[in-house]
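Note sheet for the following structure.
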Amino acid sequence: MIRAYELTKRYGDTTVVQDLDFTVRPGTVTGFLGPNGAGKSTTMRMLLGLDAPTRGRSTISGHAYATHSAPLTEVGALLEARSVHPGRTAFHHLMSLAHTHGIPRSRVEHVLDLAGLTAVAGKRVKGFSLGMGQRLGIAAALLGDPAVLILDEPVNGLDPEGVLWMRNLLRSLAAQGRTVLVSSHLMSEMALTADHLVIIGRGRLLADTTVADFIATAGGASVRVRTPQAPALHGLLQGPGIDITGPTGTEPGELEVRGADAAHIGRIAAAHAIPLYELTPRTASLEQAFMDLTQESVEYRITAPETTGAPA
Ligand code: ADP
C-alpha cells in the first residue's frame, strides 16, 4: 500500500506537485497518468524518499521515506535517470546491488530470467539499447522481491513485444498481491494495463478512478442511429437519463443517443416498425477523454515558460 497525504513540492516559487492525496492498493496495477511535466516523476521521487516534499507526507507499507531511501526489499523502483555503471555487465550490476542487501546470486539469476536478459547477462551495459536498459531496470526493481513497485514510464523505449511483456509482467506482479504504481503519459497503454488510475495535471489530482469507470463516464458511450423516421424515434426514446442529439438540419436522419444501449434502441424501433439503416455503439476515445481532462494543464505548461523559464 502506498499513501500520499497533501504531498506538495515547490522549486523556488513554482509549485510542481500540489496537495496530492491518493492511495495505491495491493493486488492492482495503478496507472499514474499525466501529460509530460505534470509532476509524476517528482511525486515518485518523493514517495521513494529521494526528494523531500515541501509539505505533506507519504508512506509505503506504513513507513515514511521522506528523509531516507526505501530499501530494495521493500520497494522496487524504476526511475528515468538510472545510475548504471556503463562498463559493468548486466550480471555484475545486479550482483553489486544484491551484495548491499545480502541477496543471493540465485535471485540475481532469477530476475535476469524474469526480465528476459539471461542471454545478454554477460554483456556490458554500455552496449544496451534503451529497451534492454529498461529490462535491466525492471530486473533491479524486482531483485529484493519487494511488495511494492514504483515504475516511472517503464514501457519507454520498448518494442511492441517488450510492451506486451511489460504489460503481462505488471499484471502478474499485481496478481501476486503486490502494489504496483506505474507512470505513463499514454492513456491507451494504461487502459490495457491498469485497473485503477490516478490522473494528475499541473501537479494536481484530476481523477482517482477505476479504468472501467473512466471508460464508462469520461467520454460517455453513445449509439449512432440512422433512420428515415428520426423525429418519431427521437420522441419514442425520450426518458429520464437519456440524452439525444439530432436530428439536425444537416443530418436529418441521424441521432446520437446517450444513456440507452443499442439493444434497447433496436427493440423500440422494431416495436414501432421504424426501419434502422444504422445502429452503431460508439465508445468514447480514451485518448480524447484523457486529453479533455488534462487539456487545461497542458495549455498552462505551453504558456508557462514565459514566467517560469524553460522546462527542465
Ligand atoms: P513528469 O514526470 O510528469 O513528466 P516531472 O515531475 O518530471 O513531470 O516535472 C514536473 C515539473 O517540475 C516540470 O515542469 C519540471 O520542469 C519541474 N522540475 C522537475 N525537477 C525539477 C528541479 N529539480 N528543479 C526545478 N524544476 C523541476
Side-chain angles (χ1 to χ4, degrees), residues 2 4-22 24 29-58 60 65-67 69-70 75-83 130 133-134 137-138 141 148-158 166 170 180-191 193-194 196-209 214 286-287 289-312:
I2 302 170
Y5 306 89
E6 296 179 16
L7 211 50
T8 300
K9 182 73 180 179
R10 295 169 69 85
Y11 287 112
D13 52 12
T14 308
T15 304
V16 297
V17 173
Q18 189 160 5
D19 295 318
L20 280 191
D21 276 296
F22 59 85
V24 185
V29 177
T30 299
F32 192 33
L33 262 175
N36 286 328
K40 303 181 294 297
S41 301
T42 305
T43 302
M44 287 179 148
R45 292 181 60 80
M46 286 193 284
L47 295 176
L48 289 163
L50 301 172
D51 266 345
T54 309
R55 199 163 61 73
R57 63 192 185 90
S58 61
I60 294 178
Y65 293 113
T67 49
S69 296
V75 190
L78 173 74
L79 297 177
E80 280 194 293
R82 283 187 308 276
S83 53
L130 189 55
Q134 289 292 75
I138 291 290
V148 176
L149 286 146
I150 295 182
L151 311 173
D152 200 358
E153 301 268 2
V155 303
N156 263 6
L158 294 182
M166 181 69 72
L170 296 179
V180 182
L181 180 66
V182 49
S183 79
S184 179
H185 61 283
L186 296 173
M187 178 71 221
S188 50
E189 180 51 36
M190 284 300 99
T193 308
H196 199 91
L197 298 174
V198 172
I199 305 180
I200 65 168
R202 234 171 105 185
R204 289 169 184 268
L205 190 69
L206 298 176
D208 185 345
T209 175
F214 185 80
L286 284 181
E287 215 61 60
F290 173 56
M291 274 160 60
D292 289 348
L293 183 65
T294 56
Q295 190 164 34
E296 203 185 320
S297 58
V298 175
E299 278 168 5
Y300 172 85
R301 282 286 164 210
I302 289 166
T303 56
E306 286 166 26
T307 50
T308 61

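A quick note: this is a predicted structure, and the numbers were derived from the prediction, not measured. Residue indices begin at 1 and follow the sequence shown. We count ligands from 1, going down the list as the structure has it; atoms in each ligand are counted the same way.
Scored by the side chain to side chain contact (heavy atoms under 4.5 Å, CB included) test, Arg204 finds Gln18 as partners (sequence neighbours excluded). Evaluation of the side chain to side chain contact (heavy atoms under 4.5 Å, CB included) rule for Ser184 yields Leu33, Glu153, Leu186, Met190 as partners, not counting sequence neighbours.
At least one heavy atom of Pro35 sits under 4.0 Å from some atom of ligand 1. For Gly34, the closest heavy-atom approach to ligand 1 does not fall below 4.0 Å.
Relative to atom 11 (C) of ligand 1, the option among Asn36, Val16, Leu79 with the closest non-hydrogen atom is Val16. Here the shortest heavy-atom distance to atom 2 (O) of ligand 1, taken over Ser41, Gly39, Gly12, belongs to Ser41.
Thr8 places a side-chain N or O within donor-acceptor distance of the main-chain N or O of Glu6, the cut-off being under 3.5 Å.
Short contacts between ligand 1 and Ala38, defined as distances under 4.0 Å to a heavy atom of the residue, involve ligand atoms 1 (P), 3 (O), 8 (O).
Under the 6.0 Å cut-off for aromatic ring centres, Phe32 and Phe22 qualify, their centroids lying closer than that.
For the residue pair Arg10/Thr54, the side-chain donor-acceptor check at 3.5 Å is not satisfied.
Distances between N or O atoms of Thr43 and those of ligand 1 include no value under 3.5 Å.
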